[in-house]
Amino acid sequence: MEHTQLLHGGDYNPEQWLDRPDILEQDLQLMKKAHVNVVTLGVFSWSLLEPEEGVYHLDWLADIIHRLYQHGIHTILATPSAARPAWMAKKYPEVRRVRPDRVRELYRRRQNYCYSSPLFREKVRAVDEQLARRFGQDPAVILWHISNEMGGDCHCPLCQAEFRRWLQHRYGSLEALNKAWNSRFWSHDFSDWEEIESPAPQGEDCLQGLTLDWKRFVSDRHIDFFRFERDVIRAIVPQAKFTANLMYRFHDIDYHDLARELDVVSWDNYPTWHKATETVEQTALDTAMMHDLFYSLKGKPFLMMESSPSFTNWQPVSKQKRPGVAMLSALQAVAHGSDSVCYFQWRASRGGEEKFHGAVIGHDGREDARPFRETAQVGAALEQLAPATGTSRPRQAAIVHDWPNMWALEGSAGPRNAGLGYWKELACHYNALARAGITVDFVGQDSSLEGYGLVVVPMLYLLREEFAQKLCDFARQGGTVVVSEWTGVVDESDLCWLGDTPHGLTRLLGLRRTEIDGMYDGEFRRCLPVEGAVPALPATRAGVLCEVAALEESDPAQVLLTYTEDYFAGCPAVAVHRFGQGRAYYLASRFEPKFYDALYASLTREAGLQPASPWPLPKGVLATRRDGLLFLQNCNDSPVSVSGVELPGYGTAVWADRDGSLQRLL
């Protein structure tokens, strides 16, 4: 997909308005006023594309695509597989998913198909081939959007059989599987592949190795289904480019694996702004973390495929964005590597579950409504920021986020079975780095660490031996590593490593874990800095989990903070260890935000990482770099001044680095 401008538009569902040509004409005129240059079509159109089996109606879609193109608007064309028509569900029950309790679903909602069903795949193939033959060479179509927000699992007999085949390929023998799952615990050895079933509420749920492998299998099934659809179209349109819209903090699919199959990563961004429990800056940081994750999946610009121009209707409370936040949110995406700002939805539906979801055009159809006016302002700003299109971000710091680790961590029993807060742990580190203006990538255990100055390893419970070695090599060659609590506990099968832990990292850290204590909610242990220790860190409190560590005798770490209470008073809470040309920091617990701010202020200087902004920033102002462009964003509702430039409440300023000096662009 080649484009020289930032894309602006969103999901368009004209099939709901085919009986209202006046509305379709109004849409074209309003899209031009809103600076729209792209729409996504066909996401949930199967019942109109194929109203009865083998009968295809594509003329209406062709007419819409070509009318849009005549007005300078390109199409991202979606395959309709996320929501199959009712006739198919009735005639072919096998296409309907089976729940974990082994009950087959009725016709319902969306993302409701069995990804293993050969029959369903053939029906998908047939409709996708129709679309590919009709629109594959059409210059109006710039990208193919496979399915929609893939997720969920199916426990039908077809999927059970596929799961057993997947296990046979992974392990080769039942002996190897039983060993990997430690099945002998509670006498659960398997003697025949047919004895193995997916986890169920009324069945097997104690073998954590089985549960972990089921999650891997489900992820692989979704990726296989994506690959199937992509290749159907690619066989007819070899030059086609493909995306799939990914989701916030998503659990069901290993996005590192899926990204390898995508030409372009895209994601659906729906933060809840103006929550009573957090500031706008905190919401912005949480959103920025996701933008950075999706940029990192391929190390190149992504698309923000969906966002709301105003509010959602499915969150617990549907808050309107305050004036200015739509622009703040849109330009934040661009600052962190997006080549688009797109919305769900262009025009509000009259009925159905999302009829009260935010839209650029509301039920009143007015262009003087605030969502439309603010969308048009965003579109004009994106045209000014065309130089950002396709540009990259600097490589500075990396945080390890690994899906199998997350699955294993959440599926394990102990040392704390509620509120472990994996994403909160990631945010502790990310927020401090982002506030310091450091660009953060998210890497997996297969990723290269080359080019980074700092690598953060938060709660890497499932640690692969080769990645432990990679971390040691990174530090030995001069890098800085930060390792948090509850790291290096189990192997790829969720089997506890034997011997000293964190496994493979004790020499790197100059210490070993001896025990760990879970804290109740609101329970903390005080920690104080060691006098004269460098770097100097603030006193803080430890919570959630408190590890107890013993220093290595021959080459011990230097203790920076110690616990001051409980039976582990005097033990290291934070320590640093020289390793080769680099350093490794050990954090024994989760601390207060001020601790991470101080820690990373010191570590980024130590690693030689330059902050994005050349000027000191007021509280609530975030700075981001994107290949020659500097973005400053004011997350406060009141104006602030930065180097003589007045930033209004929720305002954004952009500078271009030209000939060694910064020139204001926006």
Side-chain angles (χ1 to χ4, degrees), residues 9-31 34 36 39-52 55 57-61 63-65 67-68 75-90 95-97 105-113 127 145 147-149 151-152 245 247 268-270 272 305-321 342-372 375:
D11 275 32
Y12 185 36
N13 305 105
E15 59 266 38
Q16 298 179 41
W17 310 102
L18 294 181
D19 61 342
R20 291 292 304 273
D22 58 318
I23 286 179
L24 296 179
E25 180 58 32
Q26 184 192 41
D27 283 337
L28 285 171
Q29 301 308 315
L30 292 180
M31 284 180 186
V36 167
V39 297
T40 300
L41 290 171
V43 177
F44 301 121
S45 302
W46 201 340
S47 62
L48 191 57
L49 294 170
E50 190 182 5
E52 55 183 291
V55 178
H57 294 174
L58 274 65
D59 288 349
W60 68 270
L61 181 58
D63 181 58
I64 297 291
I65 288 174
R67 290 182 67 207
L68 289 165
T75 292
I76 297 172
L77 186 57
T79 64
S81 58
R84 44 169 174 56
W87 61 258
M88 187 187 303
K90 180 182 179 182
V95 306
R96 307 199 309 259
R97 283 186 182 172
E105 294 179 347
L106 300 176
Y107 177 66
R108 64 189 293 268
R109 302 182 64 82
R110 54 191 175 123
Q111 290 89 21
N112 51 14
Y113 53 85
V127 71
H145 181 313
S147 197
N148 177 261
E149 294 183 342
N245 53 336
M247 289 177 281
D268 297 348
N269 175 31
Y270 292 106
T272 306
M305 187 62 74
E306 294 182 24
S307 61
S308 173
S310 51
F311 59 92
T312 69
N313 74 317
W314 45 264
Q315 291 166 334
V317 176
S318 299
K319 274 287 187 187
Q320 290 276 2
K321 290 178 178 175
C342 293
Y343 311 98
F344 180 87
Q345 50 195 328
W346 168 254
R347 181 181 285 272
S349 173
R350 289 195 68 193
E353 185 169 321
E354 293 181 305
K355 65 182 180 293
F356 295 126
H357 192 291
V360 178
I361 303 297
H363 296 123
D364 57 10
R366 298 189 63 89
E367 63 182 273
D368 58 357
R370 185 162 66 92
F372 181 85
T375 298

Which heavy atom in [X] sits nearest to a heavy atom in [Y], and how many Å separate them?
| X | Y | answer |
| --- | --- | --- |
| Thr75 | Leu68 | OG1-CD1, 4.3 Å |
| Gln320 | Ser310 | OE1-CB, 3.4 Å |
| Ala359 | Pro371 | O-CB, 3.7 Å |
| Thr272 | Val317 | CG2-O, 4.4 Å |
| Glu105 | Arg96 | O-NE, 2.5 Å |
| Val39 | Tyr12 | CB-CB, 4.0 Å |

Heavy-atom check, side chain of [X] versus side chain of [Y], under 4.5 Å:
| X | Y | value |
| --- | --- | --- |
| His57 | Val55 | yes |
| Arg67 | Asp63 | yes |
| Cys342 | Thr40 | no |
| Lys321 | Phe311 | no |
| Thr375 | Tyr343 | yes |
| Asn13 | Trp346 | no |
| Leu41 | Pro14 | yes |
| Met305 | His145 | yes |

Set of residues satisfying salt bridge (Lys or Arg N to Asp or Glu O under 4.0 Å) with respect to [X], sequence neighbours excluded:
| X | result |
| --- | --- |
| Arg84 | none |
| Glu15 | none |
| Asp59 | Arg134 |
| Asp368 | Arg366 |

Tell me whether [X] contacts the main-chain N or O of [Y] through its side chain, where contact means a donor paired with an acceptor under 3.5 Å.
| X | Y | result |
| --- | --- | --- |
| His363 | Arg347 | no |
| Gln16 | Ser349 | no |
| Lys90 | Tyr107 | no |

*asked:* Which residues pass the ring pair (Phe, Tyr, Trp, His ring centres under 6.0 Å) test with Tyr270, not counting sequence neighbours?
replied: Trp314, His357
*For residues 43-52, which residue pairs qualify under salt bridge (charged side-chain N to carboxylate O under 4.0 Å, His left out), counting only residues two or more places apart or in two chains?*
none
*Glu353: partners by side chain to side chain contact (heavy atoms under 4.5 Å, CB included), with sequence neighbours left out*: Arg109
*What residues, two or more places apart in sequence or in another chain, satisfy side chain to side chain contact (heavy atoms under 4.5 Å, CB included) together with Phe44?*
Ala82, Ala83, Arg110, Asn148
side-chain hydrogen bond (donor to acceptor under 3.5 Å, both in side chains) partners of [X], counting only residues at least two apart:
| X | answer |
| --- | --- |
| Glu354 | none |
| Glu149 | none |
| Ser81 | Ser147, Glu229 |
| Asp11 | none |

Just how far is it from atom [atom1] of [X] to atom [atom2] of [Y], taken to the nearest 0.5 Å?
| X | Y | atom1 | atom2 | result |
| --- | --- | --- | --- | --- |
| Asp268 | Phe344 | CG | CZ | 9.5 Å |
| Ile23 | Ile361 | CD1 | CD1 | 11.0 Å |
| Glu25 | Trp17 | CD | CH2 | 16.0 Å |

